[in-house]
Amino acid sequence: MIRSRLSALLSHGLSAAQAAGAIAATPPVTFSLERREDDLAHYSSSEALRLARIVGAPPRTIAEAIVAHLPPAPEVSRVETAGPGFINFWIDDVWVLDQLREIVHTGTAYGGSNHGEGASVQVEYVSANPTGPLTAGAGRGGVVGDALARLLETCGYDVTREYYVNDAGHQVEILGLSVYHHYAATLGEEAPFPADGYQGDYIAEWATRIARDDGSRWLGNGVPSNPRAFEARAVEIGLAEIRRDLDDLGIEFDVWFSEQAMRDRGAVEEVIQTLDGRGFVAERDGAIWFIGGAGEDDRENVLVRSRGDPTYFAVDIAYHQDKFAARGFERVIDVWGADHHGHVPRMHAAMQALDASADTARLEILVTQMVGIRTDGELGRQGKRSGRFVTLREVLDEVGPAATRYFFLSKAIDSQMEFDLELAKREDPENPVYYIQMAHARCAGIQRTATTARTADGAASLTADDVALARRLLAFPEVVEDACLNREPHRVAHFLLELARVFHSYYNKHRVVTDDAVRTARRLELVRAVRQVLANGLGLLGIAAPERM
RNA sequence: GCCCCCGUAGCUCAGUGGACCAGAGCGACGGCCUUCUAAGCCGUGGGUCGCAGGUUCGAAUCCUGCCGGGGGUGCCA
């Protein structure tokens with residue numbers, strides 16, 4: 001990685017300058033570098049400006065002293081100080097082109113690292129209630145969680161992908177009664193539709209399906225003959241539809257975690273008892289409350305209702321206790337929708353109560369912002385109970401998996417985004433994702449043209465455009481690392497768009513396959529490397545890299 | 001009321017302490033197909049970075065207030 005090489009160089013330079021007495025001693029400094037790729041520099045560090053305050057010397061003087069003591073390095077062709085005290089680097093052309101072989105050789109692993117050192121991480125995402133089809137918003141959480149999991153794996157973490165299935169509790173009861181209402185009707189019986197019941201058309205469809213497959217065996221007196229089993233039947237159908245949507249989006253899970261199964265194990269009672277033992281529980285008004293104390297959330301929240309059943313909060317505490325205590329994940333990342341963000345502080349407070357010594361950073365909760373869906377020019381209110389929402393399926397059918405994934409992954413997760421279905425339909429062929437895929441297909445096309453193998457030996461006259469393209473490829477591992485550490489997959493999407501732009505431009509300006517055997521060989525190596533980086537990057541986003549378009 | 005997120009080009013969004021960092025895509029306008037895919041390339045136009053203060057050598061980026069949009073604030077999940 002160029003960035004870390006330069007950082008190390010600067011550290012050496014600083015030490016040497018300090019040993020020579022040119023700069024006052026300081027605590028160890030980590031030099032950050034910014035990739036610029038413009039007329040000013042390839043890479044630049046502003047660390048001397050920050051050092052000025054610590055050292056008590058003008059930044060320019062510090063920068064010059066560091067530069068004067070830099071050890072020689074083959075990758076650096078030029079280094080100079082500029083402006084108020086920037087240290088600017090230019091990367092050596094020959095060195096850059098030499099790295100292409102390494103990229104091609106590393107292949108699909110290029111861009112990865114062992115940063116995670118095998119640490120176990122659980123990423124939990126989607127986890128939508130199986131009470132209806134996935135909404136478009138759930139799709140956002142899905143692709144974000146999926147891309148994060150891919151990034152973490154590439155960076156050397158041991159990743160477990162998990163979907164928490166809310167197959168128990170109040171909303172499942174409501175679901176059961178909602179479906180039963182239609183089920184009974186199909187069989188000529190009458191059953192009340194519950195207050196707050198699910199209104200979507202799909203409820204009737206599910207009921208019809210159950211009546212067709214199971215006959216009248218669920219008919220009871222106004223309620224299902226076996227409510228729990230009937231609910232499970234409805235959940236089964238809901239989950240199957242969810243799985244199909246996720247499948248089409250290329251999202252997979254290692255674990256489908258059942259809330260019901262966890263409850264049946266007595267995990268909820270157990271965790272409440274543990275909290276009680278630590279003095280975080282109080283009883284009032286016939287209910288049992290969590291008193292978080294001096295945590296992030298000083299509000300008190302109900303764990304067990306006065307009618308005796310646990311709240312969603314209590315169950316979720318038990319679930320997270322299971323992640324850490326029972327299954328021993330070193331780190332857990334939850335991807336939640338914006339409508340749950342108020343739940344974040346009390347979840348952290350509860351985790352702290354369970355294990356005060358635990359590093360709170362072990363639980364990261366990422367909140368993806370709302371996806372507003374614009375239909376007929378109007379921002380619609382989304383709600384599963386009301387049955388008024390745009391489904392992920394609709395979006396998938398309109399724009400396809402690649403464009404859907406790219407759309408969600410090209411924006412920072414904390415930006416509220418607007419999805420205009422009509423616009424998405426119209427702009428379909430113009431979607432940037434095809435631009436990136438096209439770049440990959442063009443690489444493949446060039447390789448098809450170059451049928452005979454040529455040797456890459458010998459000096460060839462390559463242009464500054466060749467080198468600039470190659471240098472960009474070397475930034476890929478840096479982008480991957482940043483995207484992973486900051487939990488920002490959209491950085492990869494933007495890098496790919498930029499790379500595709502540079503490549504398309506290059507493609508129009510320069511021919512790869514020509515009579516010049518040596519140059520052709522070198523450019524083919526460049527193209528192979530470009531193709532590899534595009535493929536690896538698209539892979540991280542879960543988007544196909546087609547050979548032809 | 002209180003809490004969280006957002007406010008950057010006509011639209012959708014990057015950039016969140018650095019010096020051409022005021023950007024990309026789409027849309028608009030004008031060019032380019034006998035050579036590796038025109039799903040492409042080249043060029044033009046377009047923004048007081050919501051507003052007002054403050055901190056800093058330096059602010060779209062940090063702080064405060066205000067305005068606007070969204071979400072949360074339940075013994076729902």
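Below, all heavy atoms of this structure are taken into account, side chains as well, without hydrogens, waters or symmetry copies. Chain identifiers are assigned alphabetically (A, B, ...) following the order of the sequence lines, protein sequences preceding nucleic acid strands; residue numbering begins at 1 within each chain.
Residue contacts for A/A338: at a heavy-atom cut-off of 4.0 Å it reaches the sugar-phosphate backbone alone, with no base atom in range. Using a 4.0 Å heavy-atom cutoff across all strands shown, A/E173 reaches no nucleic acid atom at all. Contacts of A/L497 with the nucleic acid, taken as non-hydrogen atoms under 4.0 Å apart, involve only primed sugar atoms and P, OP1 or OP2. When heavy atoms are screened at a 4.0 angstrom cut-off, A/R511 is found touching base atoms of the nucleic acid.
A distance-only check finds no donor-acceptor pair linking the side chain of A/T131 to the backbone of A/L175 [under 3.5 Å]. Side chain of A/S258 to backbone of A/A261: a donor-acceptor contact under 3.5 angstrom is found. Of the possible donor and acceptor atoms, one in the side chain of A/H42 sits under 3.5 Å from a partner among the backbone N and O of A/I91.
Consecutive Watson-Crick or G-U pairs involving RNA chain B, each under 3.5 Å on both distances, make up stems of three or more pairs at B:1-7 with B:67-73, B:10-13 with B:23-26, B:28-32 with B:40-44, B:50-54 with B:62-66.
For A/F89, the ring-ring contact (aromatic ring centres under 6.0 Å, His included) test picks out no residue, with sequence neighbours left out. For A/R307, the side-chain contact (heavy atoms from CB on, under 4.5 Å) partners at least two apart in sequence or on another chain are A/H170, A/R305, A/D309. With sequence neighbours excluded, the residues satisfying side-chain contact (heavy atoms from CB on, under 4.5 Å) with A/E488 are A/N486, A/H490, A/R491. Residues forming a ring-ring contact (aromatic ring centres under 6.0 Å, His included) with A/F31 (at least two apart in sequence, or on another chain): none. In terms of the side-chain contact (heavy atoms from CB on, under 4.5 Å) criterion, residue partners of A/A470 (sequence neighbours excluded) are, by chain and number, A/V96, A/L97, A/L100, A/L526. Remark: A/F257 pairs with A/Y319 by the ring-ring contact (aromatic ring centres under 6.0 Å, His included) rule, at least two apart or across chains.
Glycosidic torsion of B/C51 falls outside 90° of 0, placing the base in anti.
Within 6.0 Å of atom CD in A/E173, more than 12 heavy atoms from other residues, nucleotides or ligands are found, so the atom counts as buried in its surroundings.
For the pair A/Y435 and B/C41, the criterion of a side-chain N or O lying under 4.0 Å from OP1 or OP2 is met. Residue A/R442 has no polar side-chain atom (N or O) positioned under 4.0 Å from OP1 or OP2 of B/A39.
Using modelled atom types, one finds no donor on one side chain facing an acceptor on the other under 3.5 Å when comparing A/H510 with A/D466. Residues A/H504 and A/R501 bring no donor and acceptor atom of their side chains to less than 3.5 Å of each other.
Comparing B/C76, B/U37, B/C75 by their closest approach to the side chain of A/W289 singles out B/C75. When distances run from any side-chain atom of A/R346 to the nucleotides B/C36, B/A77, B/C75, the shortest one goes to B/A77. When each of B/U56, B/C75, B/A77 is scored by its nearest atom to the side-chain atoms of A/R53, the top-ranked nucleotide is B/U56.
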Identify each atom pair where a protein N or O and an N or O of nucleotides 29-34 of chain B are less than 3.5 Å apart, giving names and distance.
none

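The separation of B/A28 from B/G72, taken at their C1' atoms, amounts to 41 Å, rounded to a whole angstrom. Here the separation of B/G65 from B/G71, taken at their P atoms, is 23 Å to the nearest Å.
Contacts between residues 498-507 of chain A and RNA chain B, defined by a heavy-atom separation under 4.0 Å, are made by A/R501, A/H504, A/S505, A/Y507.
Applying the salt bridge (charged side-chain N to carboxylate O under 4.0 Å, His left out) rule to pairs touching residues 124-134 of chain A yields A/E124-A/K323, sequence neighbours excluded.
Counting to the nearest Å, the P atom of B/G74 and the CZ atom of A/F313 are 13 Å from each other. A/R305 places its CZ atom 6 Å from the C1' atom of B/C75, with the value rounded to the nearest Å. As a whole-Å value, the separation of A/M347 CE from B/A77 P is 15 Å. In this structure, the CD1 atom of A/I62 is 15 Å from the P atom of B/C57, given to the nearest Å.
Take the nearest nucleotide of RNA chain B for A/T311 and for A/Q369: the residue whose nucleotide is more 5' is A/Q369. Nearest-nucleotide positions on RNA chain B place A/H510 closer to the 5' end than the other of A/Y312 and A/H510.
In the interface, the side chain of A/H341 is paired with the base of B/G71 through a donor and an acceptor atom under 3.5 Å apart.
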| remark: Each nucleotide of nucleotides 14-20 of chain B classed B (base within 4.0 Å of a protein heavy atom), S (only sugar-phosphate) or -, in 5' to 3' order, makes SS--BBB

Acceptor/donor pairs from residues 281-289 of chain A side chains to any protein atom, 3.5 angstrom cut, sequence neighbours excluded:
{"unit_1": "A/R284", "atom_1": "NH1", "unit_2": "A/E300", "atom_2": "OE1", "d": "3.0"}
{"unit_1": "A/W289", "atom_1": "NE1", "unit_2": "A/R284", "atom_2": "O", "d": "3.1"}

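Ring planes of A/Y507 and A/F503: tilted class, angle from 30 to 60°.
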